[in-house]
Protein chains: 2
Amino acid sequence: MTTVMIDRDDVNISLREKKKIETKNKIFEVAGRLFKEKGFESTTVDEITTKARIGKGTFFNYFPTKEALLMDFAKQKEELVYDIVLKELKTNTSVREKIKNVLVLVAKSNEKDKELTKLFVFEHMRRYGYDERKSTGLNILLCDLLEKGIGTKEVKKNIDIKKAAGNITGVYFASLMEWLWSQSDYSFSEDISIKIDMIFEGIGS
Amino acid sequence: MTTVMIDRDDVNISLREKKKIETKNKIFEVAGRLFKEKGFESTTVDEITTKARIGKGTFFNYFPTKEALLMDFAKQKEELVYDIVLKELKTNTSVREKIKNVLVLVAKSNEKDKELTKLFVFEHMRRYGYDERKSTGLNILLCDLLEKGIGTKEVKKNIDIKKAAGNITGVYFASLMEWLWSQSDYSFSEDISIKIDMIFEGIGS
DNA sequence: AGTCATATATGACTGTGGTCATATTTAATA
DNA sequence: TATTAAATATGACCACAGTCATATATGACT
């Protein structure tokens, strides 16, 4: 049924596959340029397909919606941060520091391109709602770290870990939103750092 | 320049004004029914105007966008909650209880119509971003209460009140989002109640 | 009542995202 | 090479939000 012989890694890639990859790359290339030039909203699918010299319908063979294309950009960016975060997790610091540092790292990555991040956050919410964002990556990581924190006595023993992680994610998310839409140009990563301390220490006396 | 004589309250309302109010009410009436019947997205402006027996252009004389109409519904709902919150603030409870109760009240109001709340939250964010939501109402109220809390020694003296209020709003907002998009039917108001306690007491030991 | 400036109503029209029946290209099989 | 099935490409087409030039209704003033 299937061709099993493989001489070199890419020998098996058919013309079809090659063309598919080429077309997808072309869309990425053109769209990326246009998004940066004129923003997401004012870039039309028509313009993308014309500039990429493909039919309009073809675009939708590769991306179900215009927003899906945007989300693919987001995914690429996310993968970059993921590597940096992994590195941080391997360091020899306290759980509390780790949590703070990870969030600061993610924050700094977001600080690099405010407008694009805004679009990503918004579109992600529109497509997957809020829950998905929580369940993937960050929240699981936080639950894990908090669990360890209980072991090292850095975190209260009788706490509901999921809710605590939810609070941290919540504060992060809300602070991100506030920063994204704020006019003034304060440092998001500093802001988040202070707020995480507050979550650990509590505001009540 | 202006007619000053007024015999009865409504004698001065011109035919124009009357018709304007009538038309706006008609749009509200028809749209409200359709939104409940088939949801916001699948209700078209065309259908609203046809059922309301007005021209399509007329709709946009009253509401700049379809979403603006939705936001007007939201405003009406907001005003209802506002009264209830004011009542709570007059009670003789601790600052911490007051904060918790106010958020629980708002949560309960949101619990009444999940789908509509989802639309409101989403559209509000789309139109005004996140900052506006914070600055109006809730955040000012929280800053006020926290200030009082410092006076009554319920809240740490040297804390950054704005950031603390931000954390509470953030946790509220994120929990709202999580609840809105979750499949399971847990109690949002209970969830928020526990989380507020966590914010006061901290998670570190 | 008649005149006129202004507020309001209207629907044909436009721009854009997305669909779908049909055409074309590719690759497996004979 | 010839035939055929399946993958892929395509642009005419549709639905819907929003615009705008034009038509109509209203009320102030004479």
Quick check: do [X] and [Y] have side-chain heavy atoms less than 4.5 Å from each other?
X	Y	result
A/L146	A/I99	yes
B/K195	B/Y172	no
B/F120	B/E78	no
A/F40	A/K118	no

Tell me the interatomic distance from [X], atom [atom1], to [N], atom [atom2], rounded to whole angstroms.
X	N	atom1	atom2	answer
B/N61	D/dT24	CG	P	16 Å
A/K66	C/dT19	NZ	P	15 Å
A/F63	C/dG18	CZ	P	13 Å
A/E17	D/dA6	CD	C1'	14 Å

Inset, instruction - Please determine, for D/dT30, whether a Watson-Crick or G-U wobble partner exists with both distances under 3.5 Å, and give it or none. - result: C/dA1
Legend entry - Contact list for DNA chain C against residues 20-47 of chain A - heavy-atom distance below 4.0 Å: A/T43, A/T44, A/V45
Inset, instruction - Could you identify which residues of residues 49-60 of chain B place a heavy atom less than 4.0 Å from some atom of DNA chain C, listed by residue number, or say none? - result: B/I54, B/G55, B/K56, B/G57, B/T58
Legend entry - A/Y62 side-chain N/O to D/dT8 phosphate OP1/OP2 under 4.0 Å: no
Set out, line by line, the N/O atom pairs under 3.5 Å between protein and nucleotides 24-26 of chain C.
residue : atom : partner : partner atom : Å
C/dT26  : OP1  : A/K19   : NZ           : 2.4
C/dT26  : O2   : A/R16   : NH2          : 2.9

Inset, instruction - Indicate the atoms forming the closest heavy-atom contact of B/N167 with B/I199, along with that distance. - result: O-CD1, 4.1 Å
Legend entry - Residues which pass ring-ring contact (aromatic ring centres under 6.0 Å, His included) with B/F60, listed by chain and number, not counting sequence neighbours: none
Legend entry - Pairwise distance CG(A/L119) to CD(A/E67) - rounded to 0.5 angstrom: 9.5 Å
Inset, instruction - With sequence neighbours excluded, tell me which residues meet salt bridge (charged side-chain N to carboxylate O under 4.0 Å, His left out) with A/E97. - result: none
Pair up each side-chain donor or acceptor in residues 46-57 of chain A with any protein partner under 3.5 Å, not counting sequence neighbours, and list the distances.
residue : atom : partner : partner atom : Å
A/E47   : OE1  : A/K38   : NZ           : 2.7
A/E47   : OE2  : A/K51   : NZ           : 2.8
A/T49   : OG1  : A/V45   : O            : 3.1
A/T49   : OG1  : A/D46   : O            : 2.9
A/T50   : OG1  : A/D46   : O            : 2.7

Legend entry - Cation-aromatic face contact A/K24/A/F63, 6.0 Å, 45 degrees: yes
Legend entry - Centroid-centroid distance, B/F28 to B/F73, less than 6.0 Å: yes
